Number of protein chains: 2
Amino acid sequence: MFNEVKTHEITVDIVILTIKNNSLNVLLVKRNNEPFKDKWAIPGGYVRMSENLDEAAMRVLKEKTNVENIYLEQLYTFGDPLRHPVSRVITCAYFALIRSEDVEVVTTDDLAWHKVSELPPLAFDHKEIIEYSLKRTRERLEMCPVAYQLLNEKFTLTEMQKAYEMIMEKKLDKRNFRKKVISTEGLRELNEFSKSSSKRPARLYTFDNIKLNSKRAHFIKKGTKG
Amino acid sequence: MFNEVKTHEITVDIVILTIKNNSLNVLLVKRNNEPFKDKWAIPGGYVRMSENLDEAAMRVLKEKTNVENIYLEQLYTFGDPLRHPVSRVITCAYFALIRSEDVEVVTTDDLAWHKVSELPPLAFDHKEIIEYSLKRTRERLEMCPVAYQLLNEKFTLTEMQKAYEMIMEKKLDKRNFRKKVISTEGLRELNEFSKSSSKRPARLYTFDNIKLNSKRAHFIKKGTKG
DNA sequence: TAAAATTAAATGTTTAATGAAGTTAAAACA
DNA sequence: TGTTTTAACTTCATTAAACATTTAATTTTA
């Protein structure tokens with residue numbers, strides 16, 4: 001019984017989402033060890049004795065992307081005995097929404113963004129974890145305009161609508177979408193316009209006050225550096 | 001590093017809620033070991049190597065209440081390094097909504113229902129866990145009529161409204177509440193009436209088809225016995 | 001024991017807010 | 001001048017919120 005307990009291992013795994021090239025992307029690492037050597041996986045790592053789960057997730061996120069002041073939320077804990085083929089690893093999954101402009105990721109053969117609509121074969125149960133993170137993101141979007149976390153700091157309403165449509169996987173009515181967004185607390189209209197390649201320029205907006213209605217969501221503050 | 005991993009312990013803890021004596025109650029056990037000896041705690045136990053987290057939670061639930069076909073949902077995983085004063089214990093918290101009529105609990109000095117509004121001092125971070133389970137129950141109630149899980153199989157609309165008011169901690173309009181509930185899929189009107197001690201008898205209702213709109217909620221099926 | 005008082009159950013309408021769909025105009029470019 | 005995208009204004013339909021009286025049983029009391 002005591003031995004049983006001692007052989008669990010606990011990790012955090014993080015689904016890191018952003019919008020790039022007009023589509024929703026997730027950051028994946030290629031595994032260089034067994035099991036699932038050479039398969040893609042979401043970034044993760046063991047929880048250290050000195051840190052809590054949020055801190056472990058933040059650390060992993062920082063290691064991979066060098067961002068640290070973003071939307072990070074505990075997703076779900078996956079603990080099937082067979083999810084890891086060798087040992088018993090229970091993972092506490094998180095998901096993060098980040099701006100691609102904030103990320104200092106040097107993508108290599110072993111670390112790259114992948115469209116969530118075109119995922120490669122994934123290690124462990126990571127496909128399930130990513131799908132669940134999308135479901136949760138959809139729930140969040142119904143509560144609060146959290147999609148701006150995925151967009152550049154200054155964005156057009158059309159860009160935001162595209163983000164919504166991508167995540168919700170359905171078309172939205174432009175007029176009603178704009179009406180709703182414009183009435184959102186925190187949105188600020190700028191006197192700047194997108195210099196898009198063609199047609200009428202669109203006004204840029206930004207979010208001032210972060211006000212998340214989500215009960216579970218927390219805004220991870222910048223921690224101590226180093 | 002490897003040692004670090006090995007010294008985590010993982011448990012499940014379950015907030016078991018029901019309605020008794022016109023108030024919301026939670027099942028607590030009195031600890032007979034250190035740490036927090038003689039303090040009240042929510043039921044829990046170590047996750048065994050052979051079982052997943054849901055199964056561990058169901059097992060603990062069955063041990064304490066002998067119910068096994070009820071509303072059980074993973075709540076959140078609590079992993080603060082200091083939440084356990086002696087060792088590093090990460091707990092995956094669940095919450096369950098049960099009917100008190102279904103429960104075969106012999107309450108003793110060490111196992112008893114407590115009003116959530118009058119909680120005794122609790123072990124570990126269990127107060128936080130209970131509070132969070134109430135928050136989540138409120139969220140669920142806004143999505144689906146899950147409160148019937150707390151009521152007897154046959155209930156009056158007034159009883160159900162009381163349950164809502166208890167959990168939401170606010171008064172509801174009787175006519176709007178009834179209108180909404182009556183239009184809910186799965187509710188069935190019975191030709192039976194409560195033989196309450198006095199005054200006009202109220203019609204009894206029951207729920208036929210369980211249809212949970214919650215994304216995270218799952219209805220735990222009866223597993224293999226023994 | 002019949003009438004009156006009491007208590008909880010049951011029921012509908014009106015108004016406000018929100019969501020869905022239609023129309024038109026303005027700015028840039030081809 | 002025609003096309004495309006942004007932007008604003010309008011109308012209709014649906015949903016949510018506010019609100020008061022009647023009915024059926026029991027209890028009281030004359």
Side-chain angles (χ1 to χ4, degrees), chain A residues 19 22 138-145 147-148 151-152 154-207 211 213, chain B residues 19 21-23 138-145 147-148 151-152 154-185 187-206 211 213:
Chain A
I19 288 176
N22 224 22
R138 256 172 246 133
E139 286 178 53
R140 288 288 164 267
L141 228 50
E142 286 168 4
M143 292 200 284
C144 62
Y148 75 89
L151 303 170
N152 291 340
K154 298 173 181 181
F155 54 86
T156 69
L157 295 186
T158 302
E159 282 167 357
M160 182 171 241
Q161 188 178 338
K162 286 270 162 54
Y164 266 75
E165 290 177 340
M166 233 175 276
I167 297 164
M168 303 303 283
E169 290 178 332
K170 65 177 178 189
K171 283 279 167 197
L172 298 173
D173 183 90
K174 190 165 193 165
R175 298 154 295 183
N176 297 321
F177 180 80
R178 296 169 82 89
K179 217 187 301 173
K180 205 170 184 178
V181 173
I182 285 168
S183 71
T184 305
E185 201 183 349
L187 186 86
R188 185 155 52 91
E189 175 183 299
L190 299 173
N191 280 323
E192 296 175 59
F193 296 84
S194 72
K195 16 192 185 306
S196 70
S197 49
S198 69
K199 307 299 174 304
R200 176 174 176 175
R203 183 181 288 277
L204 293 173
Y205 291 81
T206 193
F207 256 98
K211 189 170 180 186
N213 292 330
Chain B
I19 288 176
N21 307 325
N22 224 21
S23 61
R138 256 172 245 134
E139 286 178 52
R140 289 289 163 265
L141 228 49
E142 286 169 4
M143 294 200 282
C144 62
Y148 75 88
L151 302 169
N152 291 342
K154 298 173 181 181
F155 53 86
T156 69
L157 295 186
T158 302
E159 281 166 357
M160 182 171 242
Q161 186 177 340
K162 286 270 162 56
Y164 266 74
E165 289 177 340
M166 234 176 271
I167 296 163
M168 302 302 285
E169 290 179 331
K170 66 176 177 190
K171 283 279 168 197
L172 299 174
D173 181 88
K174 189 168 193 165
R175 285 158 297 182
N176 293 330
F177 179 81
R178 296 169 85 91
K179 220 185 300 173
K180 208 169 184 176
V181 172
I182 284 167
S183 71
T184 305
E185 201 184 348
L187 186 86
R188 186 156 52 90
E189 175 182 299
L190 299 172
N191 279 324
E192 296 175 58
F193 296 83
S194 72
K195 20 192 184 303
S196 67
S197 50
S198 67
K199 307 305 170 302
R200 178 175 176 176
R203 183 181 287 277
L204 293 174
Y205 291 80
T206 193
K211 189 171 178 184
N213 292 330

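A quick note: this is a predicted structure, and the numbers were derived from the prediction, not measured. These numbers come from the heavy atoms of this one structure, side chains and all, not from hydrogens, waters or symmetry mates. Here is how names work: the chains are called A, B, and so on, in the same order as the sequence lines, proteins then strands, and each is numbered from 1.
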* To do: Search all heavy atoms of Pro201(B) against all heavy atoms of Ser194(B) and return the closest pair with its distance.
  => CB-O, 3.3 Å
* Asked: Taking C-beta and beyond as the side chain, do Lys174(A) and Leu157(A) meet within less than 4.5 Å on heavy atoms?
  -> no
* **Arg178(A) CZ to dA20(C) P, straight-line distance once rounded to whole Å** => 17 Å
* So what does Arg203(A) hit on the nucleic acid, given a heavy-atom distance under 4.0 Å: a base, only sugar-phosphate, or nothing? -> sugar-phosphate
* To do: Go through the steps for Lys162(B) and Leu172(B) under the test side-chain contact (heavy atoms from CB on, under 4.5 Å), then give the verdict.
  => CA-CA 9 Å; Lys162(B) 286 270 162 56; Leu172(B) 299 174; over 6 Å; no
* Asked: Can you name the closest pair of heavy atoms from Leu151(A) and Ala163(A) and give their distance?
  -> CD2-CB, 4.0 Å
* Figure out the NZ/P separation between Lys174(A) and dT24(C), and round it to whole Å. => 18 Å
* Structure fact -> Testing dT6(D), dT27(D), dG12(C) for proximity to the side chain of Ala202(A), the answer is dT6(D)
* Rounding to a whole Å, what distance do you find between Ile182(A):CD1 and dA8(D):P? -> 6 Å
* Asked: Rounded to whole angstrom units, what separation is found between the CG atom of Leu157(B) and the C1' atom of dA8(C)?
  -> 13 Å
* Asked: How close or far is atom P of dT5(D) from atom NZ of Lys162(A), stated in whole angstroms?
  -> 9 Å
* Ignoring hydrogens and angles, are the base of dT6(D) and the side chain of Arg200(A) linked by a donor-acceptor pair under 3.5 Å? -> yes
* Can you check whether Arg203(B) reaches Asn191(B) side chain to side chain, under 4.5 Å on heavy atoms? -> yes
* Asked: With a 4.0 Å cut-off on heavy atoms, is Thr156(B) in touch with a base, just the backbone sugar-phosphate, or nothing at all?
  -> nothing
* Check step by step if side-chain contact (heavy atoms from CB on, under 4.5 Å) holds for Thr158(A) and Arg178(A). => CA-CA 9 Å; Thr158(A) 302; Arg178(A) 296 169 82 89; 4.2 Å; yes
* Protein-nucleotide distance (Phe177(B), atom CZ; dA16(D), atom C1'), rounded to Å -> 15 Å
* **Over all atoms of both residues, closest heavy-atom pair of Met160(A) and Phe155(A)** => SD-CE1, 4.1 Å
Write out a two-atom table: protein N or O, nucleotide N or O from nucleotides 13-19 of chain C, distance below 3.5 Å.
residue: dT13(C); atom: O4; partner: Lys179(B); partner atom: NZ; Å: 3.1

* Do you know the tightest heavy-atom contact between Met168(B) and Arg138(B)? -> SD-CG, 3.6 Å
* **Ring geometry between Tyr164(A) and Phe177(A) (parallel below 30°, tilted from 30 to 60°, perpendicular above 60°)** => perpendicular
* To do: Taking only the side-chain heavy atoms of Lys199(B) (C-beta and beyond), determine which of dA10(C), dT7(C), dA7(D) contains the nearest atom.
  => dT7(C)
* To do: Answer yes or no: is there a side-chain heavy-atom contact under 4.5 Å between Leu187(A) and Tyr148(A)?
  => no
Show the distances under 3.5 angstrom between N or O atoms of the protein and N or O atoms of nucleotides 1-3 of chain C.
none

* Among dA7(D), dA24(D), dG12(C), the one nearest Arg175(B) by side-chain distance -> dG12(C)
* Starting from the 5' end of DNA chain C, give me the residue, Thr158(B) or Asp173(B), whose nearest nucleotide shows up first. => Thr158(B)
* Structure fact -> Between CD of Gln161(B) and C1' of dA8(C) the distance, given in whole Å, is 12 Å
* **Whole-Å gap separating C1' (dA17(D)) and NZ (Lys170(B))** => 12 Å
